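Working notes for the structure below.
Side-chain atoms are counted along with the backbone in the values below, which use heavy atoms only and exclude waters and symmetry mates. Residue numbers start from 1 in every chain, and the chains themselves are labelled A, B, ... in the order their sequence lines are given, proteins ahead of strands. Not measured: the values here are computed from a predicted model.
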Amino acid sequence: MKISGAELFVKALKEEKVDTLFAYPGGQAIDLFNALYGEKDIEVILPRHEQGLAHAADGYARSTGKVGVCLVTSGPGATNLVTGIATANYDSVPMVCFTGQVSTSLIGNDAFQEVDTIGIVRSICKYAVTVRKREDLAEIIKKAFYVARTGKPGVVVVDIPKDIQIALGDDTYPDEINIRGYKPNTDVHHGQIKRALSVLNNAKKPVFLIGGGVNIARANKELTKLVELTGVPVITTIMGKGAIDTEHELYVGNIGIHGCYAANHAISECDVLFSIGTRFNDRITGKIEKFAQNATIIHVDIDTAAISRNIVVDIPIVADAKKAINCLLEKAKPLNISKWVEQIKQWNKTYPIKMNDEGMSPEKIIKSINKIFTKAIITTDVGQNQLWTTQFLTINSKKQLLTSGGLGTMGYGLPAAIGAKIGNPDKDVVTISGDGGMQMNIQELATAVVNELPITICVLNNGYLGNVRQWQEMFYKKHYSHTCLRYRKSCEIACNKPNKNCPEFVPDFVKLAQSYGAKGIRVTKSEDIEKALREAKKEKATPTLIEFIIDRETNVLPIVQPGNPLNEMTLEYKGEE
Amino acid sequence: MENKKRWICLFVENEIGVLARVSGLFSSKSYNIDSITVGTTEDTSISRMTICFTSDDKTFEQIKKQFNRSVEVIKVVDYTDIPIHMKEILFIKVNHCSEKDKKELFRIADIFDISIIDYNYSSILFECTQTEDRNNALIKLLQEKFLNRIEITRGGVVATEAIGISNR
């Protein structure tokens, strides 16, 4: 039977078991949308901006493990999607993005709403292609889903010109695909595993360093088994947080420039660093020459290009994290390292991450979230809100953290929470954001309201772009250059001292939430934190925005100053003497 | 780390955008390509590229790995240290030649084993299909004597694995 390209597109989505599509229509996608009209098997979510759309698909994919699917129009639809593509691809999130395109006869003519979408996204996605012939469409879509979800997952962009959406052609969709240039290797090299284990078994001060790869491979149970079998302490990156229960006795904490003292010191002093699924980003290594300088480094990663890129690795193992851990489990044995484990525990006891107890500290807010939301997905925005969350949030098998770790995209939190809730209607979903990032995709409040998603939106409002302000305070002589969100024309042009007379913050988040049809609560006293959270949790079909008015100049501590090795940390900061 | 001249051969899908993907990988790492040649193979759905560039070992490893994981790249072969045959086409036009110059140029052509393929009373056009090193040597020689009078068109290196003997 002959069907149109658009009809084949819908058929392909069903064959790929896509039940949710994040989509925003436009002139060059109208035929694809026409084929979706009245479609019952695919729920179409209409966010209010394509960036929000991409983050929602991303949150859906991270929280469900399925491929997130986006559909937008050409030109501005595609360019608005760009940040979302880069965000997802950087954190290895499987996504397929379909973009409408002008007809093939018009490509290159500077037609209305024409951009070279593939040219723009090529460097920020795993694979990108324009469909040039109707007969190629089925195979390209099959290829897109296969590439997105296999190997190191990532984003695939498929650009479909309007004439191809309309053209009639074959209705078959292939069951299998063979791509000669793409053969992801996930098998484990047993010789390397043996070498790695013999090094580990002889270690006196070993640690596991776990990155996002373990969460992506959903190897949490296997990792926990391996840790309990060997007795080796576990440190995570931000993306690896939650790979093992954060309350587990062998869990140390996060590494990195805002990591905990014990984790950073353990990495600096360990003799064997057994890392799985991390690419040793500059945010975790500190001064690279001093990073784990006494250690033999073992690195398991699915991506050959991640190995020995930032640090030189002694024993590389290219493999899927789950398969590698399962192999390790076969031969691993308990280590006699109680003194080392004790020392790390002592560090954590002596130097815990702790904030000032007075007033409504982010620590109190996040610990209240821990207490009230025990089975939940937590998303964050980017900046101080994200760093505090990664410091204080507890995660176990019933909880998951979604955060933009690689690209660090402000505006991620709210739409990601929407996608997560759509994919997990039975779980509570909480987003922790700042007053800056919240306004980057605030329009998605409408999406949450119309889709009746009872998510809890926590806005930590300090009236600043707090993370940059902190750097300005600590490293730029308190030059608060354009980081104040309460600044008005009446203010001094070079202000570095917030005070009682600062102008009012805009917008009024509570009224704004209400205007969208969401609930709005403002919390100004620490004793009201839990009450507000409980109220939000009770909601069945309405999102609740809780604005927490926090101290304006609270910092994220400890911090490793730029250029310093990991174990030279600033634990307290009281301003310049 | 020491920078060194590298050659790689890529087998890629013969599709729109693949060359941009390949060259984009170099620009994203801030590396300049010395030369790149592309042509279809006996299988017209596959193109073969010979790329020549200068980099340190670490970057070179990265570039190879990045190519290996690209969906459009079918195979990557490192030509840096293996026996290959390598040739580059080079046109050199020499202008404003006196009779004496021409005699000299014919002698050079003879000794370097290159052809003179076009000629008028004041200009000579050389066609050389040599290794890159020999072409470099010839250009250097001509620049000494005919500076500001020569026009150079280089085609980039084409290489293939050796069967018996190597010539690079």
Is the [atom1] atom of [X] crowded by more than 12 outside heavy atoms at less than 6.0 Å?
X        : atom1 : answer
B:Lys93  : NZ    : no
A:Asn109 : CG    : yes
A:Arg283 : CZ    : no
B:Ile163 : CD1   : no
A:Asp175 : CG    : no
B:Lys75  : NZ    : no

Problem set entry | Donor-acceptor contact present, side-chain A:Arg122 to main-chain B:Gly24, <3.5 Å | no

For this session: State, to 0.1 Å, how close B:Glu15 and A:Tyr127 come at their nearest heavy-atom pair, and which atoms those are.
Result: OE1-OH, 4.1 Å

Exercise. Which bit of A:Lys183 is near chain B, if near means a heavy-atom gap under 4.5 Å: side chain, backbone, both or neither?
Worked result: neither

Exercise. So which part of A:Ile118 gets closer than 4.5 Å to some heavy atom of chain B, the side chain, the backbone, both or neither?
Worked result: neither

Exercise. Which value, rounded to the nearest 0.5 Å, describes the distance between B:Ile16 atom CD1 and A:Ile107 atom CD1?
Worked result: 8.5 Å

Exercise. What part of B:Val71 gets closer than 4.5 Å to chain A, counting heavy atoms only: side chain, backbone, both or neither?
Worked result: both

Exercise. Which one of A:Thr130, A:Asp303, A:Ile307, A:Val312 has the most heavy-atom pairs closer than 4.5 Å to chain B?
Worked result: A:Asp303

For this session: Could you tell me which of A:Gly119, A:Ala305, A:Pro184, A:Gly151 has the largest number of non-hydrogen atom pairs under 4.5 Å with chain B?
Result: A:Ala305

Exercise. By number, which residues in residues 34-67 of chain B have some heavy atom less than 4.5 Å away from chain A?
Worked result: B:Asp43, B:Ser45, B:Ile46, B:Lys58, B:Gln62, B:Lys65, B:Gln66

Exercise. With a 4.5 Å limit on heavy-atom distance, are the side chains of B:Glu72 and A:Tyr182 in contact?
Worked result: no

Exercise. Does a side-chain heavy-atom distance below 4.5 Å link A:Arg180 with B:Glu13?
Worked result: yes

